[in-house]
Amino acid sequence: MTAETDTPRTAGSCCSSTGSCHDGAADAQAGGVTTVYEVKGMTCGHCEGAVTEEVSGIEGVTSVQAEAATGRVTVTAAAPLTDDAVRAAVDEAGYELVGRA
């Protein structure tokens, strides 16, 4: 037996015997498609918030992470999004979608 299998799971602990805080079931259920986009014009936290709010409004989007420093927006959705839908949301926020990163 390895140390991983010898280590008992602590009662009430969210962590598995491998040290992971997930057993994989939640990750499999969450699934989705993650796409990274390049957005021009974001310079601060307010910009990140505006883009995040608009892109989050697209049907099926489950997660958005905008980073002004890199100009990247990481979007996770239940199904692939059209570039047109993302472009419209980014335009509504006042920025320019350059394309997929």
Side-chain angles (χ1 to χ4, degrees):
M1 294 188 134
T2 66
E4 289 179 4
T5 57
D6 288 341
T7 306
R9 184 174 177 165
T10 305
S13 172
C14 68
C15 295
S16 69
S17 61
T18 63
S20 170
C21 288
H22 303 287
D23 64 5
D27 292 337
Q29 289 176 348
V33 178
T34 300
T35 308
V36 180
Y37 298 92
E38 185 177 346
V39 174
K40 189 174 179 181
M42 293 189 303
T43 59
C44 65
H46 173 77
C47 301
E48 293 170 348
V51 170
T52 298
E53 182 177 346
E54 291 298 332
V55 174
S56 292
I58 300 172
E59 186 175 338
V61 170
T62 58
S63 170
V64 179
Q65 181 179 354
E67 297 179 41
T70 61
R72 303 242 168 154
V73 178
T74 303
V75 181
T76 303
L81 301 174
T82 66
D83 287 348
D84 288 341
V86 177
R87 185 176 316 283
V90 170
D91 286 348
E92 184 66 27
Y95 304 92
E96 179 185 345
L97 178 69
V98 176
R100 295 180 187 220

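Note that the structure is predicted; figures quoted are calculated from it, not measured.
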Completion exercise
Connected to Tyr37, directly or through other members, by ILVMFWY side-chain contacts below 4.5 Å are Val39, Met42, Val51, Val55, Ile58, Val61, Val64, Val73, Val75, Leu81, Val86, Val90, Tyr95, Leu97

Which pairs pass salt bridge (Lys or Arg N to Asp or Glu O under 4.0 Å) with one or both residues in [range], sequence neighbours excluded?
range          : result
residues 35-48 : none
residues 88-98 : none
residues 50-69 : none
residues 76-85 : Asp83-Arg100

Can you see which heavy atom on [X] is nearest to which on [Y], and at what distance?
X     : Y     : result
Ala68 : Cys44 : CB-N, 3.6 Å
Ala50 : Ala93 : O-CB, 3.6 Å
Cys47 : Gly41 : SG-O, 4.3 Å

Handout entry: Residue list, side chain to side chain contact (heavy atoms under 4.5 Å, CB included) with Ser63, at least two apart or on another chain
Key = Thr76

